[in-house]
A.B. asks: 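Quick one: structure below, then a few questions.
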Amino acid sequence: MSTIKLSIDGQEVEVEQGATVFQAAREAGISIPTICDHKDLSPYGACRMCVVEIEGVRGFPTSCTTPATQGMQVSTRTKRLTDLRNCTLELLFSGHPNSCFACPHREPCETHRPQATKAGRSTRCGFCANREECDLREMVLTSERQELKLPVMYSAYKLERDDPFMDRDYNLCVLCGRCWRICEKIHGEPAISIINRGKWSKISTAFDKSHLESGCNFCGACIDICPTGTLMDRYARWQGKPEHESVSACILCPNGCSVKAENKGGKLLAYTMPGFEAEDRLCALGRFGAAQIVNSTKRLTRPLVREDGDQIPMSWDDALQSVGKGLIARRGTVVVVISATTTREERFIYDRLATALQGHLIVLPFEADCETPKIKELSDSVQQGKVQALITNGPLVSPQILKNVEFSLVIDCLESMASQLATIVLPSAILSEVDGTFKTSSGKIRTLSKSSILPGGARPEWMIICLIAKVLGLNGFDFDRAETITSLIQDDPAPEKFEREPRNNCRDIPIRFRGHLVADFVPGLKAFELPTTLVDEAEDEICNGFALLEKKEIAPNMHLLIIEAPQVARFALPGQFVILMAKETSERSPFTLADWDANAGTISLIIEEVGRSSRELTSLTAGDQLAHVSGPLGLPLSIQEKGTIFLGGGCYGIGAIFPLARILHEAGNRVICMIEAASSHLLYWQQELAEVCDELLIATKDGSGGMHGGIQEGVSSVTEKEHINQCIIIGCTFMMQQVSDLTKTFDIPTLVALNPIMVDGTGMCGACRVSIANQTQFACVDGPFFDGHKVDWEELTLRRNAYAPQEIQALPQGIHLTSCLPTSTLKMGD
Amino acid sequence: MSFASIQQTAKEEWRQFEQYDRRRVLVGSATCGRAAGSQEVLRAFKKELITNNLLNQTDLYEVGCMGLCYAEVLVELRGTDGQRVLYQGVTPKDVSHLVESHLINNQIHKPLALAVVTSEFNGELPEFSELPFSKPQVRIVLRNCGIIDPTNVNHYIARGGYNGLARAVTLTQDQVIEEIKESGLRGRGGAGFPTGIKWAFARNVADEKKYVICNADEGDPGAFMDRSVLEGDPHAVLEGLVIAGYAIGANTGYVYCRAEYPLAVNRLTGAIAQMHEHGLLGQNIMGSGFSFEIHIKKGAGAFVCGEETSLMQSIEGKRAMPKPKPPFPAVSGLFGKPTNINNVETLAAVSAIMERGAAWYAGYGTEKSRGTKTFALAGKINRTGLIEVPLGTSLRTIIEEIGGGVPEGKKLKAVQTGGPSGGCIPDSFIESPVDYEHLAEVGSIMGSGGMIVIDEESCMVDMARYFLTFTENESCGKCAPCRMGTQHLLKILTDITEGRGEPSDLEKLRQIGATMRNGSLCGLGQTAANPVLTTLKYYEEEYLAHITDKKCPAGVCRDLIDFTIDVDQCTGCGACVLACPVNAIHGARKESHYIDKQMCIRCGSCRQACKFEAVLVI
């Protein structure tokens with residue numbers, strides 16, 4: 001192909017004919033900002049960031065759409081371009097929650113919260129799962145942004161969480177169009193495109209139906225190519241940015257697709273496509289299911305040996321000794337049953353073991369169940385006593401066989417009926433945990449490379465067999481790596497042809513993997529009506545608990561719940577809290593009372609969705625019942641006339657300071673209320689608060705309403721004018737700590753309402769332990785109010801984060817929880 | 001049948017149509033006429049003629065629009081004496097008088113008579129062509145509108161129709177293009193790109209398959225030029241399209257017409273069928289060896305479909321979104337093939353040019369802006385209507401002569417051209433000739449031809465806000481500057497009109513506007529800020545009054561005005577009290593009244609009700 005020469009910023013560049021100016025620049029190492037362009041997509045020209053100036057061409061063409069021509073003189077960084085780009089960036093960015101960038105406390109806040117808060121709605125970077133990987137954030141951080149100070153246009157789209165595997169929050173979308181373009185590229189007819197016009201332009205399916213109904217194949221390409229946090233892999237979402245990527249293969253079905261294994265800290269986050277070409281696409285099971293299987297809580301992690309009817313956890317050495325005994329005695333009557341989705345090395349070594357034990361190996365076709373003729377035959381042999389020992393790498397044989405056979409060894413990764421019935425269970429490694437090769441049904445040989453850490457005591461199957469052989473004193477099993485086995489394999493058959501094509505149709509997803517029903521471990525697959533064996537955790541019956549009278553999302557991610565709880569309402573005092581449980585199986589979680597009405601018998605709470613329990617509560621709708629409401633708990637605020645009292649509230653704290661303001665004001669104090677939010681559209685209850693205090697101050701982190709900054713700035717500015725006798729602060733730990741540090745310098749007595757992890761709320765469990773002036777206290781019975789100047793903040797932060805990984809693991813992966821209330825209840829970005 | 005014999009038949013039919021001793025009723029029945037009640041008038045005529053036993057002796061026709069919107073329903077009557085008179089504002093109850101006096105007694109029914117059509121019978125009535133409304137006009141594109149029966153191809157042919165095509169097919173493609181180039185015709189869709197050059201681009205790309213498209217997706221609010229032509233003279237456009245196809249070497253044409261124009265779609269469908277019948281479409285047209293087919297594609301109402309690349313995506317069945325150029329449609333357009341796209345008015349001019357020659361057409365207009373242009377004249381003007389004038393005609397001629405000036409003696413403030421993409425021309429430029437260059441010079445654009453007259457009682461900020469409401473809704477959403485820019489402009493303008501404006505807003509408006517102009521992907525975004533930028537350029541003090549004084553000088557923005565009663569003027573008649581929907585006006589009878597400002601919702605009803613101009617806006 002012929003080449004052409006052009007000049008970019010005075011640098012001569014030679015590119016192939018047909019290249020765009022953008023590509024030419026990239027080749028020359030000149031970076032031009034862009035968000036909609038992607039190397040694997042054709043030019044689109046939507047973000048308008050990659051504008052350049054070309055001699056002899058009018059205006060500011062986009063480099064991504066302009067073909068390079070011979071002798072072209074291109075400038076990429078003139079003053080005019082910088083100005084235009086900055087302005088365009090501000091416009092682009094104003095359609096995306098961005099308050100963190102204008103926030104004076106961003107850096108300490110990000111240090112305090114190294115991981116973003118796992119919110120329902122991402123209302124800013126600090127609440128966004130994509131914070132570490134956001135192209136938009138990166139672009140803004142590297143730009144010389146000017147301050148046009150455009151307000152955020154928050155569209156208040158409803159969260160889309162009703163489809164399997166993906167969470168979608170179009171409030172973060174900047175319409176770069178990468179998602180629908182990759183969908184079109186990979187699948188031909190895209191499942192998604194832009195719907196509506198103007199302000200309401202949005203990526204969606206035809207007629208705005210769910211993805212499930214739209215013909216989406218859940219290949220996940222859109223998620224992987226999305227530069228913002230709009231499209232997220234629900235499972236991997238809050239686990240952080242992958243640290244390690246390696247090319248491997250998925251052996252969940254005989255297609256054996258090439259994958260990119262993304263890991264963090266040795267944990268598999270996802271199998272993703274190795275590239276963005278049609279042939280790289282994956283099925284929903286591979287893309288989303290693999291990580292859920294590998295990280296399943298149902299993994300087998302310890303050898304188990306049956307003794308006197310019970311399976312007892314044992315060390316590997318002891319378990320191997322037991323295996324040795326069991327097999328040696330039954331030499332000649334051993335059958336090894338394995339699945340076709342076993343690596344070539346493992347199959348080879350299983351075969352060698354079967355031969356050495358004068359038994360034989362049965363390789364079951366993929367997805368075969370106990371009705372397979374081979375298994376029926378085996379059943380007869382077991383009945384007749386011809387087979388006395390069985391080795392299998394999954395629940396591949398019928399329970400009957402396992403019950404009847406004298407000795408059974410199950411080498412498997414996941415719990416099953418087979419592992420429960422086995423004489424001995426040895427935990428094995430799977431998928432991203434193993435090295436090896438796999439022959440696909442089309443005969444290609446793919447390489448699996450180990451990238452994840454094995455859970456507990458699990459070991460690769462080839463190694464387990466070698467260990468068994470060693471105990472048995474067999475020769476020919478001296479392998480220390482899977483690789484050394486590979487070279488010995490000759491003429492192995494490819495797995496039988498897999499007739500279905502899961503990559504083109506979700507209904508074709510394999511039902512079983514090594515005998516296990518995949519939907520048992522990947523709840524999202526139930527959406528495709530895949531069968532499960534495990535009995536669903538009993539759905540909570542509709543309990544006659546506490547009626548939820550009203551629920552509304554009064555600001556993005558902030559929900560007002562009014563609950564009928566007459567006894568609580570009757571005895572409630574300002575500053576107290578309640579412990580709620582949405583369902584009988586829910587965790588107990590504490591929430592400060594925002595208001596109550598003893599006559600009506602109701603209590604009001606402001607709940608911010610930041611995890612499983614709050615999501616369970618905010619997913620309820622008016623008319624539902626809560627399982628439990630315990631309270632009022634905690635010591636009420638002691639109300640005295642002290643003079644000028646400054647009440648500061650942020651996030652849920654805006655609601656929490658409301659009853660305090662009312663009673664302190666009634667007690668004759670001068671009450672200054674100050675509320676903060678990241679942006680003005682996140683504020684609420686201004687009117688309500690204004691009515692119960694002497695002065696209401698507002699601060700926003702992006703300056704879009706009231707004072708630019710937070711409660712800190714408010715305290716400082718008030719102290720310049722008047723003396724504050726008392727500060728009372730409710731909000732996130734970071735904010736309370738910051739304000740306490742500040743008021744200490746002003747010598748203003750400061751109370752903070754602490755929010756440690758709490759379980760029973762009555763002083764019994766000790767979970768809510770906090771250190772106040774080096775004295776241990778319990779937030780539930782000694783608090784929630786403590787002297788902010790004496791709190792051990794570092795300890796509190798550590799304790800609050802103690803269960804962060806478990807909290808992420810607990811987030812629901814199914815699709816039974818509906819999202820939020822309709823958009824209409826939200827304030828628009830005005 | 002040869003074209004010559006078709007012409008023969010057509011001429012005979014036309015002769016009968018024009019036969020002077022036969023009674024004839026022509027009712028202007030384009031969509032505009034229908035909205036004003038032409039169908040009811042037509043039925044009334046039928047009924048009245050039956051009653052008088054005249055139906056057999058009278059020809060009753062629906063014709064297109066003559067452009068006199070202010071005079072709808074417009075009826076032309078011809079009695080047995082051959083006298084043809086235009087009657088304006090006809091309602092069904094006028095019909096019996098008209099039939100009796102004009103059709104039976106050959107007497108002009110004076111109360112509704114507007115003009116006589118032919119000078120032969122000129123008596124007390126002015127001649128139509130001599131009316132101030134008509135005199136400065138030159139009707140080329142609108143040559144047949146309101147004159148022929150648009151459903152009758154023979155009428156079109158008899159008046160010279162398809163002569164242009166007949167001539168074109170005898171020329172080479174390049175000769176046709178040369179003719180168009182010589183005529184100086186520029187694209188009438190808005191941008192004004194020379195049509196002949198555009199054709200040459202598409203002609204010079206070698207490809208088996210090429211397309212021509214007629215852009216009939218007229219979307220500007222208040223613009224209806226294309227609709228009138230399509231409804232009143234569909235063949236003029238279709239002939240132009242066939243000529244364009246011949247010139248560039250395309251065998252397929254599309255008319256992309258808004259679905260909101262059902263009558264136009266109907267007329268086009270009928271016209272295409274007639275063309276097939278007469279061998280003007282299909283294989284081997286007029287024996288030239290040239291074959292051509294036309295398809296109609298109905299648009300679903302997105303403004304952005306007026307943008308050519310979006311329009312083509314829409315024809316392809318995709319979401320209408322502009323594509324970056326290059327590649328230009330002439331190289332890779334519809335279905336990736338070389339495509340030429342022209343606006344309705346351009347094509348209607350093409351057929352006239354091919355019939356009468358480039359020199360004739362170039363004889364109208366100015367040096368760089370040849371020919372005529374249609375305008376939809378609307379707003380605060382006495383004679384609203386659809387007009388066609390030679391380019392270079394001054395704004396004064398258009399507004400004062402044709403339009404009859406601003407009503408109620410109010411002062412002209414500005415003229416808005418180009419719709420949501422255009423700008424405001426202040427009254428100080430009233431002598432400006434209307435052509436591409438001069439409009440651009442004052443910061444506006446020709447656009448497709450919307451022309452809205454603004455008087456002193458219109459608020460420029462409010463008007464800019466109105467246009468931004470439109471573009472904010474109609475932005476396709478693809479590119480960031482347009483999608484977000486329109487939202488921010490609208491928000492700032494709304495804040496200003498509601499009293500929340502800040503001095504820094506003006507700089508923001510300018511900056512966002514400049515970013516949209518320089519950064520947007522297509523014409524919609526590039527021009528969407530024009531209504532803001534031009535009003536800001538000429539009426540900055542009006543913006544400042546809103547922002548700093550919190551006042552709306554024009555008395556339009558409700559949050560910034562108060563109504564008060566001038567005690568000296570008020571007679572205490574109580575009309576305002578009755579008009580007030582919230583009982584905010586008090587006062588004893590025959591004594592001066594007052595408005596309770598707390599109660600007042602600033603609806604302006606009192607002001608309208610007052611006969612003494614005692615209600616003031618402050």
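Labels below follow one simple rule: chain letters A, B, ... track the order of the sequence lines, proteins then strands, and each chain is numbered from 1. All of these numbers come straight from a predicted model, not from anything done at the bench.
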A.B. asks: Under 4.5 Å from any heavy atom of chain B, what part of A/Pro67 do you find: side chain, backbone, both or neither?
C.D. replies: side chain

A.B. asks: Taking atom CD of B/Glu472 and atom CH2 of A/Trp200, what is their separation to the nearest 0.5 Å?
C.D. replies: 9.0 Å

A.B. asks: Any side-chain heavy atom of B/Arg483 sitting closer than 4.5 Å to one from A/Leu175?
C.D. replies: yes

A.B. asks: Give a yes or no on this: more than 12 heavy atoms of other residues, nucleotides or ligands lie within 6.0 Å of atom NZ of A/Lys202.
C.D. replies: yes

A.B. asks: How long is the straight-line distance from NZ of B/Lys318 back to CD of A/Glu184, given to the nearest 0.5 Å?
C.D. replies: 6.5 Å

A.B. asks: Cation-pi check, B/Lys323 to A/Tyr44: give yes when NZ or CZ is under 6.0 Å from the six-membered ring centre and within 45° of the ring axis, no otherwise.
C.D. replies: no

A.B. asks: Just give me the residue among B/Cys479, B/Cys476, B/Ala320 that pairs up with chain A most often, heavy atom to heavy atom, under 4.5 Å.
C.D. replies: B/Cys479

A.B. asks: Can you check whether A/Leu91 reaches B/His488 side chain to side chain, under 4.5 Å on heavy atoms?
C.D. replies: yes

A.B. asks: Using the side chain to side chain contact (heavy atoms under 4.5 Å, CB included) rule, take B/Gln511 and A/Cys87 through it: C-alpha gap first, then chi angles, then the decisive distance, then the call.
C.D. replies: CA-CA 8 Å; B/Gln511 228 174 329; A/Cys87 243; 3.9 Å; yes

A.B. asks: Quick one, B/Met484 and A/Glu90 - any side-chain contact, counting heavy atoms below 4.5 Å?
C.D. replies: no

A.B. asks: Indicate the atoms forming the closest heavy-atom contact of B/Ala480 with A/Leu92, along with that distance.
C.D. replies: CB-CD1, 3.2 Å

A.B. asks: In terms of heavy-atom pairs under 4.5 Å with chain B, which of A/Ile35, A/Val174, A/Thr62 leads?
C.D. replies: A/Val174

A.B. asks: Taking atom NZ of B/Lys325 and atom OG1 of A/Thr65, what is their separation to the nearest 0.5 Å?
C.D. replies: 11.5 Å

A.B. asks: Between B/Pro481 and A/Ala46, which heavy-atom pair has the shortest distance, and what is it?
C.D. replies: CD-O, 4.5 Å

A.B. asks: Measure distances from A/Thr88 to the heavy atoms of chain B and classify the residue's part below 4.5 Å as side chain, backbone, both or neither.
C.D. replies: both

A.B. asks: Could you give the distance from CG (A/Asp83) to CG (B/Asn518), rounded to the nearest 0.5 Å?
C.D. replies: 10.5 Å

A.B. asks: Taking atom NZ of A/Lys209 as the centre, report whether more than 12 heavy atoms of other residues, nucleotides or ligands fall under 6.0 Å from it.
C.D. replies: no

A.B. asks: What part of B/Thr494 is in contact with chain A, defined as an atom under 4.5 angstrom from a non-hydrogen atom: side chain, backbone, both or neither?
C.D. replies: neither

A.B. asks: Quick one: does A/Leu150's side chain get under 4.5 Å of B/Ile512's, heavy atoms only?
C.D. replies: yes

A.B. asks: Take B/Met321 and A/Ile194 through the side chain to side chain contact (heavy atoms under 4.5 Å, CB included) test and state the conclusion after the steps.
C.D. replies: CA-CA 9 Å; B/Met321 283 195 282; A/Ile194 305 179; 3.6 Å; yes

A.B. asks: For chain B, which candidate among A/Gly59, A/Ser201, A/Pro61 shows the most heavy-atom pairs at distances under 4.5 Å?
C.D. replies: A/Ser201

A.B. asks: How long is the gap from SG on B/Cys482 to CZ on A/Arg48, to the nearest 0.5 Å?
C.D. replies: 10.5 Å

A.B. asks: Would you say A/Glu55 has more than 12 foreign heavy atoms packed within less than 6.0 Å of its CD?
C.D. replies: no

A.B. asks: Looking at CZ of A/Arg197 and CG of B/Asn473, how far apart are the two atoms once the value is rounded to the nearest 0.5 Å?
C.D. replies: 8.0 Å

